[in-house]
Amino acid sequence: MECGADEFEPDHYLTHEYTEFEAYFGQPVILCDFCVADFASYDPAYFGFSKGRKISSSDWTFVRRIKDIQLAPQPYCPTCSHLLSFMTFVEGCRQGNERGDS
């Protein structure tokens with residue numbers, strides 16, 4: 001969901017393992033192993049969390065491994081290359097933080 005629109009992904013995505021999690025505010029997120037490991041490098045404010053908050057996939061609940069992954073065309077942001085599904089996840093985090101959900 002995060003890097004699926006990067007130009008190198010059509011030749012690269014099969015080198016990774018993919019996992020679905022239930023993440024912040026009960027939202028589903030599917031990421032490759034690299035994006036999971038790199039997630040903590042995000043500025044928490046990007047997701048609407050307070051400055052200084054630590055974010056990590058360790059906060060999430062494992063749902064399942066994705067075995068037969070295939071890239072499917074999906075709208076994406078040409079600036080950041082995030083897929084619409086990831087941008088929807090980000091927006092859900094921001095809204096959850098605005099409401100003060102846990």
Side-chain angles (χ1 to χ4, degrees):
M1 288 170 55
E2 181 182 1
C3 63
D6 286 342
E7 61 186 43
F8 60 83
E9 280 306 315
D11 296 325
H12 184 76
Y13 79 98
L14 290 175
T15 64
H16 293 284
E17 293 180 2
Y18 296 83
T19 306
E20 179 178 359
F21 297 94
E22 182 180 306
Y24 306 111
F25 311 104
Q27 296 185 100
V29 64
I30 297 172
L31 298 173
C32 74
D33 48 356
F34 179 83
C35 291
V36 169
D38 188 54
F39 196 85
S41 70
Y42 270 104
D43 179 345
Y46 182 68
F47 298 95
F49 292 107
S50 60
K51 191 172 180 92
R53 159 93 189 255
K54 301 290 185 205
I55 60 171
S56 166
S57 61
S58 63
D59 300 333
W60 306 342
T61 302
F62 170 85
V63 174
R64 65 187 172 110
R65 295 260 183 254
I66 310 293
K67 297 293 184 190
D68 298 322
I69 194 77
Q70 293 185 359
L71 290 182
Q74 188 180 129
Y76 68 94
C77 173
T79 302
C80 68
S81 296
H82 290 164
L83 297 176
L84 176 60
S85 56
F86 189 75
M87 292 186 297
T88 300
F89 168 73
V90 172
E91 181 61 20
C93 289
R94 291 173 179 173
Q95 288 177 357
N97 280 307
E98 285 176 10
R99 289 188 307 261
D101 296 351
S102 308

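Just so it is clear, the values below take in all heavy atoms, side chains as well, and ignore hydrogens, waters and symmetry mates. Since the structure is predicted, the reported quantities are computational estimates derived from the model, not experimental observations.
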- Query: If you round to the nearest 0.5 Å, how far is CZ of Phe21 from OG1 of Thr61?
  - Reply: 9.5 Å
- Query: Out of curiosity, Glu17 CD to Ile66 CD1, how far, rounded to the nearest 0.5 Å?
  - Reply: 12.0 Å
- Message: According to side-chain hydrogen bond (donor to acceptor under 3.5 Å, both in side chains), does anything in residues 21-30 pair up with another residue at least two apart or in another chain? List the pairs.
- Response: Tyr24-Asp59
- Message: According to a hydrophobic-cluster definition based on side-chain heavy atoms being under 4.5 Å apart (Ile, Leu, Val, Met, Phe, Trp, Tyr only), do Phe25 and Phe86 belong together?
- Response: yes
- Angle class for the Tyr42/Phe39 ring planes (parallel below 30°, perpendicular above 60°, tilted otherwise)? tilted
- Item | OG1-CG distance between Thr19 and Asp33, expressed to the nearest 0.5 angstrom | 7.5 Å
All N/O donor-acceptor pairs, side-chain side in residues 43-54, below 3.5 Å, sequence neighbours left out:
| from | atom 1 | to | atom 2 | distance (Å) |
| --- | --- | --- | --- | --- |
| Asp43 | OD1 | Ala45 | N | 2.9 |

- Message: Nearest 0.5 angstrom please: Trp60 CH2 to Ile55 CD1, how far?
- Response: 8.0 Å
- Task: Return the minimal non-hydrogen interatomic distance between Tyr76 and Met87, and the atom names on each side.
- Result: C-CE, 4.3 Å
- Message: Taking side chain to side chain contact (heavy atoms under 4.5 Å, CB included) as the definition, give me every residue that meets it alongside Ser85, ordered by chain and number, with sequence neighbours left out.
- Response: Met1, Gln74, Leu83
- Task: Search all heavy atoms of Phe89 against all heavy atoms of Ala23 and return the closest pair with its distance.
- Result: CE1-CB, 3.6 Å
- Item | Glu91 side chain reached by Gln95 side chain, heavy atoms, under 4.5 Å | yes
- Which value, rounded to the nearest 0.5 Å, describes the distance between Arg99 atom CZ and Arg94 atom CZ? 14.0 Å
